[in-house]
Amino acid sequence: MEITGDEIRRLLTEADDLDPSGLRVVGAHIEGQLDLRDLVIKRPLVLRDCTTEQPVLLSRAHFSQLDLEGLVAPSIRARGLTVDHDLHLSSARLSGDESIYALHMRIGGSVYLDDGFQAAGSVVLSGSRVAGVISCRGARFDSTLHLVDVQVSDAIFLSHGCRASSDGTHAAVRMRGARVDGQIVLRDGRFTSPAVAVDLRHVKVGKDLLMPFEGIEGSVQLEGLVYEGLPRDATVDEWLSLLTTRTPYYSTQPWVQLAAAHQAAGHERDVRRIRVAAQRDLRRRGQLSRWGRIWHLIRGLTIGHGYRPALALLWLAGVLAVSVAVVLASGAVRCSVVEQVGYALNVATPLVKVDAARCTVDTASGAGQFVLASTWLLQILAWAFATLFVAGFTGLVRRNA
């Protein structure tokens, strides 16, 4: 069966007796270009399993429902398209370098690109508003899928074998600035790029984020991503690895979001792990000065950046052990062994004092002078570690209050 693009336009605009169910054409070859731009036909249009050698032009058109399932064409131009109910493109095969260009669509139902949908070029749905779902179950995108700034009232499904790839110029899937009231599901999808595979910058997810990492081949951009509840389909260890090694650069917000999600769930141990890992990533990739990096390292080693204050107690115990070893090995302190231990604790510890009054130090000898000098230094260190412990512990209590 053959029909021209002009005939389809005429049937939609000039036929007084067009059925309320709209126009339905199945399995036809469309000769010439199908140009439906600016038409306002508030009835369904069904062009199922049709083929054409020309781009389909739908910009600024308005239909009650649009079904292009199984369409074979170079591309679709649909900027500003309005559909009161669903837009069906499942099983469509589009071969153009820009397969779909559909900025700022208004869809009252859902957008379906399921069941073997194939696009050789980029698919641009950016800035569109969809009242239902954007479903790409089993779809194949050989270039970038652009979902920048879309607003979706239900969910986005890039799942059930959905594949998207990119040459690295853009992310394979770009969702920057999207607002999704329900879920974003990347389960059983595969997204590949030599650079950024998935761009989720400044995306807001009203419910769950289902994103297993084994299907992502490339880096991920997550700064500004906000989601409710715990992210699913990936463990805490997998998230720590992703944020540390598979993001292009250090950003504070993804770490804060992950920690907040686990804190809301009452997983305090995981919260501390996340925050410590975030500080390590900051030291490794953050924009710190040389001295800032050194001080950051000291804080990490001594109190775990305030999240592991017990480390300071271990350092304090080490200082006391060194003090005892110095006194016992010097031979310059005159008293019994037990009293020498008490003397070492007295000069080093800032809090505990024991009776070692009978001990004297041979200050005339080099060993005695070394004992005096080393114990002064060890006392300074002991005070420092005790202070760090108190500061770290009180800070931890304040954060958990």
Side-chain angles (χ1 to χ4, degrees), residues 25-30 34 36 44-58 63 65-79 81 83 85-103 105 107 109-126 128 130-148 150 152 154-167 170-175 178 180 183-193 197-198 210 215-216:
V25 178
V26 178
H29 177 72
I30 302 172
L34 178 59
L36 304 180
L45 172 60
V46 178
L47 301 176
R48 185 167 292 179
D49 298 323
C50 293
T51 62
T52 180
E53 283 79 33
Q54 299 291 325
V56 176
L57 306 181
L58 300 170
F63 300 95
Q65 182 163 316
L66 183 58
D67 186 343
L68 303 178
E69 187 170 328
L71 175 70
V72 178
S75 62
I76 296 173
R77 300 287 182 268
R79 183 185 181 115
L81 171 68
V83 180
H85 299 289
D86 295 333
L87 170 59
H88 292 271
L89 282 164
S90 296
S91 303
R93 288 169 290 170
L94 307 173
S95 57
D97 291 338
E98 190 171 52
S99 296
I100 297 180
Y101 184 74
L103 288 170
M105 291 193 302
I107 308 298
S110 298
V111 177
Y112 295 102
L113 292 81
D114 294 332
D115 303 327
F117 171 90
Q118 295 182 29
S122 59
V123 172
V124 181
L125 308 180
S126 299
S128 297
V130 179
V133 305
I134 295 179
S135 180
C136 303
R137 295 178 173 95
R140 174 177 171 177
F141 303 91
D142 291 336
S143 188
T144 298
L145 171 60
H146 297 263
L147 298 173
V148 175
V150 298
V152 180
D154 197 337
I156 294 178
F157 294 98
L158 306 179
S159 58
H160 296 78
C162 176
R163 291 186 293 167
S165 58
S166 169
D167 60 5
H170 296 292
V173 176
R174 298 183 68 210
M175 281 195 244
V180 182
Q183 299 176 320
I184 290 181
V185 182
L186 281 71
R187 182 178 289 173
D188 194 29
R190 185 161 297 278
F191 314 101
T192 306
S193 173
V198 179
L210 288 77
I216 301 175

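Scope of the values below: all heavy atoms of this structure, side chains included, with no hydrogens, waters or symmetry mates.
Shortest non-hydrogen contact noted between Ala164 and Ala172 is O-CB, 3.6 Å. Residues Leu94 and Ser99 approach most closely at O-OG, 3.6 Å, considering heavy atoms. The two atoms that bring Ala73 and Val56 nearest to each other are CB-CG2, 4.4 Å, heavy atoms only. A pairwise comparison of heavy atoms in Cys50 and Leu47 identifies SG-C, 3.8 Å as the closest pair. Ala171 and Ser166 make their closest contact through C-CB, 3.9 Å (heavy atoms, listed as atom of the first residue, atom of the second, distance). Contact between Val185 and Gln183 at its shortest, heavy atoms only, is CG2-OE1, 3.8 Å.
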Check the pair Leu58, Arg77 against side chain to side chain contact (heavy atoms under 4.5 Å, CB included), reporting the backbone distance first and the verdict last. CA-CA 6 Å; Leu58 300 170; Arg77 300 287 182 268; over 6 Å; no
For Phe157 and Ile184, what are the C-alpha separation, side-chain angles and deciding distance, and is it a side chain to side chain contact (heavy atoms under 4.5 Å, CB included)? CA-CA 6 Å; Phe157 294 98; Ile184 290 181; over 6 Å; no
Residues Leu81, Leu66; criterion side chain to side chain contact (heavy atoms under 4.5 Å, CB included); working and verdict: CA-CA 10 Å; Leu81 171 68; Leu66 183 58; 4.0 Å; yes
Evaluate Phe191 against Cys162 for side chain to side chain contact (heavy atoms under 4.5 Å, CB included), listing each step before the verdict. CA-CA 8 Å; Phe191 314 101; Cys162 176; 4.3 Å; yes
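A distance below 6.0 Å separates the ring centres of Phe117 and Phe141.
Separating the OG1 atom in Thr192 from the CD1 atom in Ile216 is a distance of 10.0 Å, to the nearest 0.5 Å. Distance check: Leu57 CG to Ser75 OG gives 7.5 Å after rounding to the nearest 0.5 Å. Rounding to the nearest 0.5 angstrom, the gap separating the CG atom in Leu34 from the CG atom in Leu68 is 8.5 Å. Rounding to the nearest 0.5 Å gives a distance of 5.0 Å between OG1 of Thr51 and NE2 of His29. Separation of atoms CG (Leu113) and CZ (Arg137) is listed at 12.0 Å; rounding is to 0.5 Å. Annotation: the span from Leu186 atom CG to Met175 atom CE amounts to 5.0 Å, rounded to 0.5 Å.
His146 and Ser126 form no side-chain donor-acceptor contact under 3.5 Å, judged by distance and modelled atom types alone. Ser91 and Asp115 are not linked by any side-chain donor-acceptor pair at a separation below 3.5 angstrom, with hydrogens and angles left out of the test.
Under the salt bridge (charged side-chain N to carboxylate O under 4.0 Å, His left out) criterion, Arg93 pairs with no residue at all, not counting sequence neighbours. A search for salt bridge (charged side-chain N to carboxylate O under 4.0 Å, His left out) contacts involving Arg190 returns Glu217, not counting sequence neighbours.
Residues Val173 and Leu158 meet the side-chain proximity criterion, which asks for heavy atoms closer than 4.5 Å. Looking at Phe63 and Leu36, their side chains come closer than 4.5 Å, going by heavy atoms from C-beta outward. Between Ser90 and Glu69 the shortest side-chain heavy-atom distance falls below 4.5 Å. At least one side-chain heavy atom of Val124 sits under 4.5 Å from a side-chain heavy atom of Glu98. The shortest side-chain heavy-atom distance between Val150 and Ile156 falls under the 4.5 Å cut-off. Leu71 places a side-chain heavy atom less than 4.5 Å from the side chain of Ile76. The side-chain heavy atoms of Met105 and Leu125, taken from C-beta on, include a pair separated by under 4.5 Å.
Not one N or O on the side chain of Asp97 forms a donor-acceptor pair closer than 3.5 Å with the backbone of Gly121. Distance alone, capped at 3.5 Å, is enough to place a donor-acceptor pair between the Ser110 side chain and the Val133 backbone. Although no hydrogens or angles enter the test, the distance criterion places no donor-acceptor pair under 3.5 Å between the side chain of Asp86 and the main chain of His88.
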